[in-house]
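What's counted below: heavy atoms across the whole structure, side chains too, no hydrogens, waters or symmetry copies.
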Amino acid sequence: MQVNKGAGDMAGGQAHAWDDGGFDDKVPFLARLEKEDRVALLAIGRPLNYPARGVVMRQHEPSTHVLLLLHGWTKVTVNAVNGYEALLALRGPGDIVGEGAALSRRLRSATVTALEPVEAVVVEEKRFTAFLSENARVALNLLSLTTDRQRSTDRRRLEWAALSVRERLAVLLLELVRTHGRHTDEGIELTIGLSQQEFAGSVGSSREAVARLLKDLRSRKVVITDRRRIVVLRPDVLRRIVGESAG
């Protein structure tokens, strides 16, 4: 649900990586497929459910399958250099996870965790790769998705390096407001729960630094925080923080 313009829209009209898809892919994998291809792919798998906060895939484990998400959201994280988990992406209905390791035959590069109850279809690695080899149209759609994700990641990495931790946190909050914000009587509540450690890993800082920044935003009545719960009261202030770097 889009509830606010992206940070770049408010910063001199500049286009930033976080405006171009952000954490939510504009077109998830299953939505890119023709109906007959989608039905055929789902038919070679089996349904599987995961509880909220359950680990779906673990970093450094060998690949055995891919998952096609039908309902519920997951987070994709990696161990960051500061010792915390860095949030790479949010994957939800229609998305595919685990395809990179399946195709490269390498260990999994990230951990995938359910943020809420998740319904998925699991496809064994050999069946998945065989399906792709026999269905060029599906393989090309997967390549297109991979290319789109890599382009967004490259742009984000370049622009992220120029931002301070304060600005990175503001960008992250604005992304989550845009992709996972829900209007409430208090403000715009993020519908996914992330810890301060996860925020720290995502913005490349320490948990203590993030805690101080969130405390400052609370004191300025920009956000409300409470154990994995954040309500954004003043997204305009966050946009101004990001706009400072674009000036």
Worksheet item: In terms of side-chain heavy atoms, does Glu125 have a donor or acceptor partner in Ser63 at a distance below 3.5 Å?
Response: yes
Worksheet item: Linking I/L/V/M/F/W/Y whenever any side-chain heavy atoms sit under 4.5 Å apart, do Leu70 and Val66 land together?
Response: yes
Worksheet item: Counting distance only, does the side-chain N/O of Glu167 pair as donor-acceptor with the main-chain N or O of Ser164 below 3.5 Å?
Response: yes
Response to the item:
Result for side-chain contact (heavy atoms from CB on, under 4.5 Å) between Thr77 and one of Leu87, Val112, Leu88 points to Leu87
Practice prompt. Carefully, step by step, assess Leu174 and Arg178 under the rule side chain to side chain contact (heavy atoms under 4.5 Å, CB included).
Written response: CA-CA 6 Å; Leu174 284 169; Arg178 180 176 61 84; over 6 Å; no
Item to complete: Identify whether Val55 and Leu67 are in the same connected component of the hydrophobic contact network (ILVMFWY, side-chain heavy atoms under 4.5 Å).
Response: no
Discussion item. For the backbone of Trp160 and the side chain of Arg168, can you confirm whether one donor and one acceptor N or O come within less than 3.5 Å of each other?
Written reply: yes
Practice prompt. Start with the C-alpha distance between Thr146 and Phe29, add both sets of side-chain angles, then the distance that settles side chain to side chain contact (heavy atoms under 4.5 Å, CB included), and finish with yes or no.
Written response: CA-CA 10 Å; Thr146 302; Phe29 178 58; over 6 Å; no
Worksheet item: How long is the span from the CZ atom in Arg234 to the CD1 atom in Ile241, to the nearest 0.5 Å?
Response: 10.5 Å
Worksheet item: Do the non-hydrogen side-chain atoms of Arg137 and Glu36 ever get within less than 4.5 Å of each other?
Response: yes
Worksheet item: Do Tyr50 and Thr74 touch side chain to side chain, with heavy atoms closer than 4.5 Å?
Response: no
Worksheet item: Are the side chain of Asp95 and the backbone N or O of Gly92 linked by a donor-acceptor pair below 3.5 Å?
Response: yes
Discussion item. Name the residue from Val231, Leu217, Ile230 that meets the side-chain contact (heavy atoms from CB on, under 4.5 Å) definition with Ile224.
Written reply: Val231
Fill in: Cationic N near anionic O, under 4.0 Å, Asp37 to Arg32
no
Discussion item. Taking Asp216 first and then Arg212, would you say they form a salt bridge - that is, a charged N and a carboxylate O separated by under 4.0 Å?
Written reply: no
Worksheet item: Considering residues, nucleotides and ligands other than Glu124, do more than 12 of their heavy atoms fall under 6.0 Å from its CD?
Response: no
Discussion item. Under 4.0 Å between a side-chain nitrogen and a carboxylate oxygen: does that hold for Glu61 and Arg108?
Written reply: no
Worksheet item: Arg220 versus Val237: any side-chain heavy-atom pair under 4.5 Å?
Response: yes
Response to the item:
Taken to the nearest 0.5 Å, the spacing of Thr129 OG1 from Leu103 CG works out to 7.5 Å
Discussion item. Checking the side chain of Glu189 only, and the main-chain atoms of Val232 only, is there a donor and an acceptor separated by less than 3.5 Å?
Written reply: no
Worksheet item: For Arg218, does the CZ atom have more than 12 heavy-atom neighbours from other residues, nucleotides or ligands under 6.0 Å away?
Response: yes
Practice prompt. Check the surroundings of atom CZ in Arg229: do more than 12 heavy atoms from other residues, nucleotides or ligands lie under 6.0 Å from it?
Written response: yes
Discussion item. If we ignore hydrogens and angles and just use 3.5 Å, is the side chain of Glu116 paired with the main-chain N or O of Trp73 as donor and acceptor?
Written reply: yes
Worksheet item: Are Asp236 and Arg239 close enough for a salt bridge, meaning some N to O gap below 4.0 Å?
Response: no
